[in-house]
Trainee: 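First the structure, which I've put down as structure tokens, then a few questions once you've had a look.
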Amino acid sequence: MLKIYNTLSRQKEEFKPINEGKVTMYSCGPTVYSYAHIGNLRTYIFMDTFRRVLKYDGYKLKGVMNITDVGHLLSDGDEGEDKMAKAAREQKKSPWEIAEFYTNYFFEDFKKLNIGKPEVIAKATDHIQEMIKDVQTLIDKGYAYEIDDGIYFDISKFPDYGKLSRLSLDEQQAGARVEVNSQKRHPADFAVWKKAEPEHIMQWESPWGMGYPGWHIECSSMSRKYLGSRFDIHTGGVDAIPVHHENEIAQNEALEGGKTVNYWVHSEFMLVNNGKMSKSLGNVYRISQLEEMGYAPLDYRYFCLNAHYRKKLNFTFEGMDGAKTSYARLLSTLYQHKAGTNATDKDVLAEYKKQFDEAVNDDLNVPLALGVLWTMVKEPKSKDIYELALQFDKVLGLSLDKAQPQAQSEEPISDDIRKLADERYAAKKAKDFATADALRAKLADLGYTVLDTKEGYTLRKDK
RNA sequence: GGCACCAUAGCCAAGUGGUAAGGCAGAGCUCUGCAAAAGCUUCAUCCCCAGUUCAAAUCUGGGUGGUGCCUCCA
């Protein structure tokens, strides 16, 4: 029985899907105006873990993730420049090119990190008509009104506004930091459709003239299009709770008349050196940058898996080094199990599986599940352990089936190097240690470390 | 100013009433020509104070410290 923490109730709840055996899930995706950084990716590793656990539990999954390629402005006052347009101007490309480039890059990162693509990837620009229709419905139902610069949602018509974040609008210093648009009925009313200035690049025809969608309507329109008026789960980062998801709830429930999402699940932020990750501090990293520093993408996945998704994770290179070593040893140990000759008692195996299953089903407690795996791996080497670890890997996504001896080099080794190494080995066999050591030193100069094993030796290219 | 969340060993991190998982680093030992790997062993009483309880890291109250949100942000 899966239990999951619901932001709406602030409690762990038993998960019960609307339709037995099937799960419908919507995940907030990226705005593709820039590269995803490791903090962004933590959220998608969380999404992926959640999806994996659901599948592991036997659910048939339909997941939808949006690609936001239009609409988000730079400020919350429904003012400022469109992010896509800004990136386009700066890089001298069209917004469409910007979107395509960063979308592709984003999914490259997914591949590297073993993050599975949701079943439906929905681009905002492909769903403008659905959004216009929904905006019209909001107007017809009296939830939205038109002013000079666009169509706005009237939050006074939605008494539940704020129920997810539990922020009281009265207690907020309304307009303190967001410039009040005098035509808006309430400072927190938000745009569902914006009328475009002539120079605005991305704009579409609508009943209200040329324009473009507001920041939140896309998720409402696309989630309902693919998942229906009611669906099970909505995921995202905690930052989306106060504004984006609050507004999405308002739109959805105004459109559908009643609760539309049963479980709101959010992942916490990542910190860097105990502080916020920000470009100004120069501590924003991308996966490709970690790779340049000698970390494999899955080292980073392991790093994330070692912490619970609802806890802030402090990124440090000391921590990354630990994750890298730990993960390498895990693979190495599993490789030995793969060739293990012991038999493991069925009850013992069943007990590990039980512990693992309970951990991941208890609000996705993956750190605890990893602990179970580590304890299991300490058992006498047995192929049974290896097979069970592969089962666990359906949840972990750590490519445990790729387990190999730690020292093995992935790069081809040239004949010259190989020859030197063979000579060293021969000298060693002949107990001519002086020559062997000299050759080892020579190889070291060439950037290779020789590691002796029981049967022979392996070469490792130095980083 | 308002609202949340968090505080466990050098580091990362589980544990939410019954006597501190796991990983990294460190230390010792075994093995191996050396080196590496591997194996074994070892390493905390849970921010502070008060309270509830037979029993608290776990509950309550009060401190202190940290982070986030209320602006775009995963």
Side-chain angles (χ1 to χ4, degrees), chain A residues 7 10 27-31 33-34 36-47 72-77 80 83 162 165-174 176-179 188 215 235-244 266-271 274-279 284 302-330 332-333 336 355 359 362 365-378 381 405-407 428 431-434 436-437 440 444 449-454 457-458 460:
Chain A
T7 306
R10 305 283 159 103
S27 301
C28 275
T31 300
Y33 68 102
S34 183
H37 59 245
I38 55 176
N40 297 125
L41 291 165
R42 181 192 185 193
T43 299
Y44 299 106
I45 289 173
F46 148 71
M47 170 196 84
H72 282 56
L73 302 194
L74 288 173
S75 98
D76 201 19
K83 280 183 186 172
S165 57
R166 303 194 176 180
L167 288 174
S168 160
L169 287 171
D170 300 335
E171 288 165 5
Q172 303 302 309
Q173 296 174 356
R177 305 177 83 168
V178 175
E179 201 172 329
W215 329 343
T235 69
V238 286
D239 59 297
I241 297 171
V243 177
H244 182 56
H266 296 93
S267 68
E268 252 297 350
F269 262 47
M270 190 157 74
L271 308 176
N274 279 314
K276 199 173 174 176
M277 186 185 302
S278 75
K279 281 180 185 162
V284 175
Y302 185 95
F303 176 82
C304 289
L305 258 33
N306 198 221
H308 189 87
Y309 77 91
R310 276 193 296 116
K311 288 269 199 113
K312 292 180 186 72
L313 208 200
N314 187 27
F315 180 88
T316 61
F317 285 103
E318 190 181 358
M320 266 307 286
D321 287 339
K324 181 186 158 113
T325 306
S326 180
Y327 177 52
R329 285 199 186 145
L330 183 62
S332 167
T333 305
Q336 295 172 45
Q355 288 179 16
D362 182 12
N365 194 338
V366 180
L368 181 60
L370 273 180
V372 174
L373 175 60
W374 269 105
T375 306
M376 178 174 91
V377 130
K378 301 289 186 190
K381 302 293 181 282
Q406 202 176 354
K428 182 204 158 196
K431 298 210 183 287
D432 180 1
F433 298 127
D437 287 348
R440 186 208 292 276
T449 302
V450 184
L451 304 171
D452 288 329
T453 63
K454 260 183 195 161
Y457 69 93
T458 61
R460 182 173 61 198

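Labels below follow one simple rule: chain letters A, B, ... track the order of the sequence lines, proteins then strands, and each chain is numbered from 1.
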Trainee: Between rU41(B) and rC48(B), how far is it from one C1' atom to the other, in whole Å?
Mentor: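 Pairwise C1' distance, rU41(B) against rC48(B), rounds to 35 Å.
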
Trainee: Please state the P separation for the pair rG18(B) and rG10(B) - nearest whole angstrom.
Mentor: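 One P to the other, the span is 26 Å.
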
Trainee: What's the gap between rU32(B) and rA37(B) when it is taken at their C1' atoms, as a whole Å value?
Mentor: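 Pairwise C1' distance, rU32(B) against rA37(B), rounds to 10 Å.
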
Trainee: Does rA38(B) pair with anything, Watson-Crick or G-U wobble, both distances under 3.5 Å, and if so, with which nucleotide?
Mentor: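 WC or wobble partner is rU30(B).
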
Trainee: Could you pick out which residue, Lys428(A) or Trp374(A), lies toward the 5' side of RNA chain B when each is mapped onto its nearest nucleotide?
Mentor: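 Counting from the 5' end, the first nearest nucleotide belongs to Trp374(A).
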
Trainee: So Pro367(A), base contact, sugar-phosphate only, or nothing? Heavy-atom distance under 4.0 Å.
Mentor: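 Base contact.
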
Trainee: Any side-chain N or O of Asn40(A) less than 4.0 Å from the OP1 or OP2 oxygen of rC73(B)?
Mentor: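 For Asn40(A), the contact criterion (side-chain N or O under 4.0 Å from OP1 or OP2 of rC73(B)) is not met.
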
Trainee: Kindly confirm whether the side-chain ring of Tyr44(A) is stacked on the base of rA74(B), judged by centres under 5.5 Å and planes under 30°.
Mentor: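 So Tyr44(A) does not count as stacking on the base.
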
Trainee: Please pick, from rA35(B), rU67(B), rC24(B), the nucleotide with the shortest atom-to-atom distance to any side-chain atom of Arg440(A).
Mentor: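 Per side-chain heavy atoms of Arg440(A), the pick is rA35(B).
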
Trainee: Using the C1' atom as the reference point in each nucleotide, state the distance between rA74(B) and rG62(B) in Å, no decimals.
Mentor: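 These two C1' atoms come out 36 Å apart once rounded.
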
Trainee: rA25(B), rG22(B), rC34(B): which one has an atom nearest the side-chain heavy atoms of Asp437(A)?
Mentor: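 Nearest to the side chain of Asp437(A) among the choices is rC34(B).
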
Trainee: Between rC31(B) and rU16(B), how far is it from one P atom to the other, in whole Å?
Mentor: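 Pairwise P distance, rC31(B) against rU16(B), rounds to 43 Å.
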
Trainee: Need one value for Asn365(A): base, sugar-phosphate or nothing, where a base atom within 4.0 Å counts as base even if backbone is also close, heavy atoms only.
Mentor: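 The answer is sugar-phosphate, as Asn365(A) gets under 4.0 Å only of primed atoms, P, OP1 or OP2.
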
Trainee: So, do Met320(A) and Phe315(A) sit near enough that their side-chain heavy atoms are less than 4.5 Å apart?
Mentor: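 Counting from C-beta outward, Met320(A) and Phe315(A) do come under 4.5 Å.
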
Trainee: In terms of side-chain heavy atoms of His308(A), which of rA14(B), rC5(B), rA74(B) is nearest?
Mentor: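 Among the listed nucleotides, the one closest to the side chain of His308(A) is rA14(B).
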
Trainee: In whole Å, what separates the P atom of rA4(B) from that of rG63(B)?
Mentor: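 Those two atoms are separated by 16 Å.
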
Trainee: Write down the partner of rU64(B) under the Watson-Crick or G-U wobble criteria, each distance required to be under 3.5 Å.
Mentor: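 Pairing partner: rA7(B).
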
Trainee: Looking only at N and O atoms, is any donor in the side chain of Arg310(A) or the base of rC5(B) less than 3.5 Å from an acceptor on the other one?
Mentor: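 Checked by distance alone, the answer is no.
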
Trainee: Select one nucleotide: of rA13(B), rC24(B), rA14(B), the one nearest the side-chain heavy atoms of Leu368(A).
Mentor: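 Nucleotide nearest to Leu368(A)'s side chain: rA14(B).
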
Trainee: Suppose you measure atom P in rG68(B) against the same atom in rC59(B); what distance do you get, rounded to whole Å?
Mentor: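 That atom pair is separated by 25 Å.
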
Trainee: Looking at rC24(B), I'd like to know if its phosphate oxygens (OP1 or OP2) sit under 4.0 Å from a side-chain N or O belonging to Arg329(A).
Mentor: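 Answer yes for this pair, as a side-chain N or O of Arg329(A) is under 4.0 Å from OP1 or OP2.
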
Trainee: Would you indicate whether the side-chain heavy atoms of Ser326(A) and Trp374(A) approach each other to under 4.5 Å?
Mentor: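 The answer is yes; the side chains approach within 4.5 Å.
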
Trainee: Using whole Å, report how far CD1 of Ile241(A) lies from P of rC70(B).
Mentor: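 That distance rounds to 11 Å.
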
Trainee: Give none if rU19(B) has no partner; otherwise give the nucleotide forming a Watson-Crick or G-U wobble pair with it, both distances under 3.5 Å.
Mentor: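 For rU19(B), the partner nucleotide comes out as none, under the 3.5 Å rule.
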
Trainee: Ignoring the backbone of Leu313(A), work out which of rC24(B), rC12(B), rA36(B) is nearest its side chain.
Mentor: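 Side chain of Leu313(A) sits closest to rC12(B).
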
Trainee: Is there side-chain contact between His308(A) and Glu268(A), with heavy atoms separated by less than 4.5 Å?
Mentor: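 No. Closest side-chain heavy atoms not under 4.5 Å.
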
Trainee: If you look at every strand shown and take non-hydrogen atoms under 4.0 Å, does Ser267(A) touch a base, only sugar-phosphate, or nothing?
Mentor: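 Here Ser267(A) touches no strand at all.
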
Trainee: What about Asp239(A), does its side chain sit under 3.5 Å from the base of rG68(B) through a donor-acceptor pair?
Mentor: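 Not at all, since no donor on one side and acceptor on the other fall under 3.5 Å apart.
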
Trainee: Tell me which nucleotide, if any, is Watson-Crick or G-U wobble paired with rG1(B) when both distances must be under 3.5 Å.
Mentor: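 Partner of rG1(B): rC70(B).
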
Trainee: Going from CG on Asp362(A) to CG on Leu368(A), what distance comes out if it is rounded to the nearest 0.5 angstrom?
Mentor: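 Rounded to the nearest 0.5 Å, the CG-CG separation comes to 8.0 Å.
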
Trainee: Measure across Gly237(A) and His266(A) and return the closest heavy-atom pair with its distance rounded to 0.1 Å.
Mentor: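 In this case the closest contact between Gly237(A) and His266(A) is O-CD2, 3.5 Å.
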
Trainee: When we call it a touch if two heavy atoms are under 4.0 Å apart, what does Lys311(A) touch: a base, just sugar-phosphate, or nothing?
Mentor: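 Sugar-phosphate contact only - Lys311(A) comes under 4.0 Å of backbone atoms but never of a base.
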
Trainee: Which nucleotide in the list rG68(B), rA74(B), rG33(B) gets nearest to the side chain of Phe269(A)?
Mentor: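 Among rG68(B), rA74(B), rG33(B), the one nearest the side chain of Phe269(A) is rA74(B).
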
Trainee: Any stacking of Phe433(A) on rG33(B), going by centres under 5.5 angstrom and planes within less than 30 degrees?
Mentor: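 Stacked: centres under 5.5 Å apart, planes under 30°.
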
Trainee: Which part of the nucleic acid does Gly39(A) contact within heavy-atom distance under 4.0 Å: base, sugar-phosphate only, or nothing?
Mentor: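 Here Gly39(A) touches the bases of the nucleic acid.
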
Trainee: Quick one: label His266(A) by what it contacts on the DNA or RNA (base, sugar-phosphate, nothing), any heavy atom closer than 4.0 Å.
Mentor: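 His266(A): no heavy atom of the nucleic acid under 4.0 Å.
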
Trainee: Restricting both atoms to N or O, compile the protein contacts to nucleotides 40-47 of chain B shorter than 3.5 Å, with distance only.
Mentor:
none

Trainee: Which heavy atom in Phe303(A) sits nearest to a heavy atom in Thr316(A), and how many Å separate them?
Mentor: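 In terms of heavy atoms, the two residues are closest at CZ-N, 4.3 Å.
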
Trainee: Could you work out the separation of rU53(B) and rA14(B) based on their C1' atoms and round it to a whole Å?
Mentor: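 Here rU53(B) and rA14(B) have their C1' atoms 26 Å from each other.
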
Trainee: Any strand is fair game: report the nucleotide pairing with rA13(B) by Watson-Crick or G-U wobble, both distances under 3.5 Å, or none.
Mentor: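 Per the H-bond distance test, none.
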
